[in-house]
Enquirer: 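Below: one structure in structure tokens.
None of the values given here were measured: they were computed from a predicted structure.
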Amino acid sequence: MLDYNFLMDTFFIALAGAPTAMLVTTVALLIAIPAGFALALTRTNRVPIFNQLAQLYISFVRGTPMIVQIFIIYNSVPTLVAAILTEANIDMAVYDVNPIWYAFIVFSLNSIATLAEVFRSALSSVCKSQLEAAQSVGLTKIQAYREIMIPQLLVVALPNICTVTTNLIKGTSLGYAMSLKEITLRAKVAANVGYNYVEAYIDIFLVYLILCSLVEYGFKLYENRLTAYKYTNA
């Protein structure tokens, strides 16, 4: 039998972690979108050395679970840095860093790899002759990308960017492994008192469902705006 009072109370406790989840998601996307696009350009143009390095990085990130990436960055990196600082006789509280900074790093690095493939796929859908035509009329390469290429690839990439964003929001639930006070950790801590885990997981499910639905709706509106010209020309 569900404890409906606990279910109601814990819903708002879990909801209080939503700003943290959205902050991590927003910061990760702000870093990952330009970095992912740069990686996509590197791979599309087959820049020597950087193309191979980018491919290796993307393969590593996509081939390992995010929880493993969290343990590497959250546990191994501070230990390594502390050892280096101790060796150099530098007194610094490495372990007192707010876990949200680790979350920014982990989720940004993970999203960069995913978005790089999204942008690379979108770039291949835009005819390269348009870039050459733009340059032939005097536009610089940056202007050609900004005015002609990016608006077109954005239409193609937007559904996948939406998927990356919702996956990122759901992925922040792994922040509990870094003691990040996000949605999952707050609900589970509340459930520990009376072992009301079923109610807590229902609350977690509802909060993530609401957040992801709102984000999907926002992306849908933006996609309709970007593709409005198709219906106008039809």
Side-chain angles (χ1 to χ4, degrees), residues 18-45 47 50-51 54-67 69-70 100 103-128 130-131 141-175 180 182-183 207-232:
T20 301
M22 295 309 294
L23 176 63
V24 172
T25 301
T26 304
V27 171
L29 285 176
L30 288 175
I31 295 171
I33 287 175
F37 186 67
L39 277 189
L41 286 176
T42 299
R43 295 206 63 200
T44 302
N45 294 309
V47 180
F50 291 102
N51 179 33
Q55 195 170 359
L56 184 66
Y57 167 72
I58 291 169
S59 298
F60 172 77
V61 173
R62 297 179 71 188
T64 54
M66 187 181 285
I67 191 72
Q69 297 164 21
I70 288 173
I100 199 165
F104 291 155
I105 295 170
V106 171
F107 290 107
S108 296
L109 292 176
N110 189 277
S111 301
I112 287 170
T114 309
L115 285 174
E117 290 302 274
V118 169
F119 288 134
R120 189 168 71 93
S121 173
L123 276 169
S124 66
S125 69
V126 181
C127 184
K128 285 186 177 179
Q130 295 186 48
L131 182 61
K141 203 165 188 176
I142 293 176
Q143 288 173 326
Y145 267 105
R146 190 181 62 217
E147 303 295 335
I148 297 172
M149 301 294 281
I150 290 178
Q152 293 183 72
L153 75 87
L154 199 55
V155 173
V156 178
L158 205 59
N160 287 329
I161 295 175
C162 177
T163 301
V164 171
T165 304
T166 53
N167 285 339
L168 194 52
I169 293 171
K170 291 181 285 185
T172 59
S173 62
L174 295 174
L180 185 67
E182 42 67 60
I183 298 164
V207 171
Y208 278 112
L209 182 64
I210 292 169
L211 287 180
C212 291
S213 297
L214 289 173
V215 168
E216 284 182 0
Y217 181 69
F219 268 95
K220 188 65 181 173
L221 290 179
Y222 188 49
E223 186 180 346
N224 289 340
R225 183 180 172 187
L226 280 179
T227 56
Y229 71 92
K230 292 183 178 179
Y231 306 108
T232 304

Enquirer: What are the two closest heavy atoms between Lys141 and Leu131, and how far apart are they?
Expert: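 Scanning both residues completely, I find the closest heavy atoms to be CE-CD2, 4.2 Å.
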
Enquirer: Could you please spell out the steps behind the side-chain contact (heavy atoms from CB on, under 4.5 Å) verdict for Glu117 and Leu39?
Expert: CA-CA 9 Å; Glu117 290 302 274; Leu39 277 189; over 6 Å; no

Enquirer: Quick one, Pro151 and Val155 - any side-chain contact, counting heavy atoms below 4.5 Å?
Expert: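 Of all side-chain heavy-atom pairs linking Val155 with Pro151, none is under 4.5 Å.
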
Enquirer: Is a side-chain N or O of Asn45 found less than 3.5 angstrom from the main chain of Leu41, in a donor-acceptor match?
Expert: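 A pair under 3.5 Å: yes.
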
Enquirer: What are the two closest heavy atoms between Leu29 and Pro34, and how far apart are they?
Expert: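 Minimum heavy-atom contact is O-CD, 4.2 Å.
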
Enquirer: Working note: Ile150 + Phe119, criterion side-chain contact (heavy atoms from CB on, under 4.5 Å); need CA distance, chi angles, decisive distance, verdict.
Expert: CA-CA 10 Å; Ile150 290 178; Phe119 288 134; over 6 Å; no

Enquirer: Any side-chain heavy atom of Phe37 sitting closer than 4.5 Å to one from Tyr145?
Expert: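 They are in contact (side-chain heavy atoms under 4.5 Å apart), so the answer is yes.
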
Enquirer: Any side-chain heavy atom of Ile58 sitting closer than 4.5 Å to one from Arg43?
Expert: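 Answer yes - side chains close enough.
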
Enquirer: Can you confirm whether Val24 sits close enough to Leu180 that some side-chain heavy atom of one is under 4.5 Å from a side-chain heavy atom of the other?
Expert: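 Side chain of Val24 against side chain of Leu180, heavy atoms only: contact under 4.5 Å found.
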
Enquirer: Just verifying a value: how many Å separate Leu174 CG and Ile67 CD1, rounded to the nearest 0.5 Å?
Expert: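 Rounded to the nearest 0.5 Å, the CG-CD1 separation comes out at 5.0 Å.
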
Enquirer: Can you confirm whether Arg146 is buried at CZ, in the sense that more than 12 heavy atoms of other residues, nucleotides or ligands lie under 6.0 Å from that atom?
Expert: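 Atom CZ in Arg146 is crowded, with more than 12 foreign heavy atoms closer than 6.0 Å.
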
Enquirer: Could you pull out the closest heavy-atom pair between Ala28 and Leu168, with the gap in Å?
Expert: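 Smallest interatomic distance, heavy atoms only, reads CB-CD2, 3.9 Å.
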
Enquirer: Can you find a heavy atom in the side chain of Leu23 that is under 4.5 Å from one in the side chain of Phe104?
Expert: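 Leu23 vs Phe104: side chains touch.
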
Enquirer: Applying the side chain to side chain contact (heavy atoms under 4.5 Å, CB included) criterion to Thr114, which one of Val164, Asn160, Asn167, Ile161 satisfies it?
Expert: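 Exactly one option meets the side chain to side chain contact (heavy atoms under 4.5 Å, CB included) with Thr114, and it is Val164.
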
Enquirer: Ignoring hydrogens and geometry, is there a side-chain-to-backbone donor-acceptor pair from Gln69 to Thr64 under 3.5 Å?
Expert: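 Yes; judged by distance alone, with no hydrogens or angles, the pair exists.
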
Enquirer: Under a 3.5 Å distance rule, please check whether Tyr57 uses its side chain to pair with a backbone N or O of Leu109 as donor and acceptor.
Expert: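 Yes; judged by distance alone, with no hydrogens or angles, the pair exists.
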
Enquirer: Report the distance from atom CD1 of Ile183 to atom CD1 of Ile169, rounding to the nearest 0.5 Å.
Expert: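 The CD1 atom of Ile183 sits 8.5 Å away from the CD1 atom of Ile169.
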
Enquirer: Measure from the side-chain N and O atoms of Gln130 to the backbone N and O of Val126, and report whether any donor-acceptor pair falls under 3.5 Å.
Expert: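 Side chain of Gln130 to backbone of Val126, a donor-acceptor pair under 3.5 Å: no, none is there.
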
Enquirer: Taking atom CG of Asn224 and atom CG of Leu158, what is their separation to the nearest 0.5 Å?
Expert: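 Output value for this atom pair is 10.0 Å.
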
Enquirer: Going through the distances and angles, do Phe107 and Met66 end up as a side-chain contact (heavy atoms from CB on, under 4.5 Å)?
Expert: CA-CA 9 Å; Phe107 290 107; Met66 187 181 285; 3.1 Å; yes

Enquirer: Do other residues, nucleotides or ligands put more than 12 heavy atoms under 6.0 Å from the CZ atom of Phe50?
Expert: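 Incorrect, the count does not exceed 12.
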
Enquirer: Answer yes or no: does atom CD1 of Ile142 have more than 12 heavy-atom neighbours from other residues, nucleotides or ligands under 6.0 Å?
Expert: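 Result for CD1/Ile142: open.
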
Enquirer: Checking side-chain contact (heavy atoms from CB on, under 4.5 Å) for the pair Tyr222/Leu154: CA distance, chi angles, key distance, verdict?
Expert: CA-CA 11 Å; Tyr222 188 49; Leu154 199 55; 3.9 Å; yes

Enquirer: Would you check if there is a donor-acceptor pair between the side chains of Thr166 and Glu216 at a distance under 3.5 Å?
Expert: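 Not at all, the side chains of Glu216 and Thr166 share no donor-acceptor pair under 3.5 Å.
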
Enquirer: Kindly give the heavy-atom pair with the smallest separation between Val27 and Ser108, and that separation in Å.
Expert: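 Heavy atoms of Val27 and Ser108 come nearest at O-OG, 4.2 Å.
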
Enquirer: Check whether Ser173 reaches the backbone of Lys170 with its side chain - one donor and one acceptor, N or O, closer than 3.5 Å.
Expert: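 The answer is yes, because a donor-acceptor pair under 3.5 Å joins these two groups.
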
Enquirer: Grab the two heavy atoms, one from Thr42 and one from Asn51, that are nearest each other, plus how far apart they are.
Expert: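 Answer, listing the atom of Thr42 first, then Asn51: CG2-N, 3.7 Å.
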
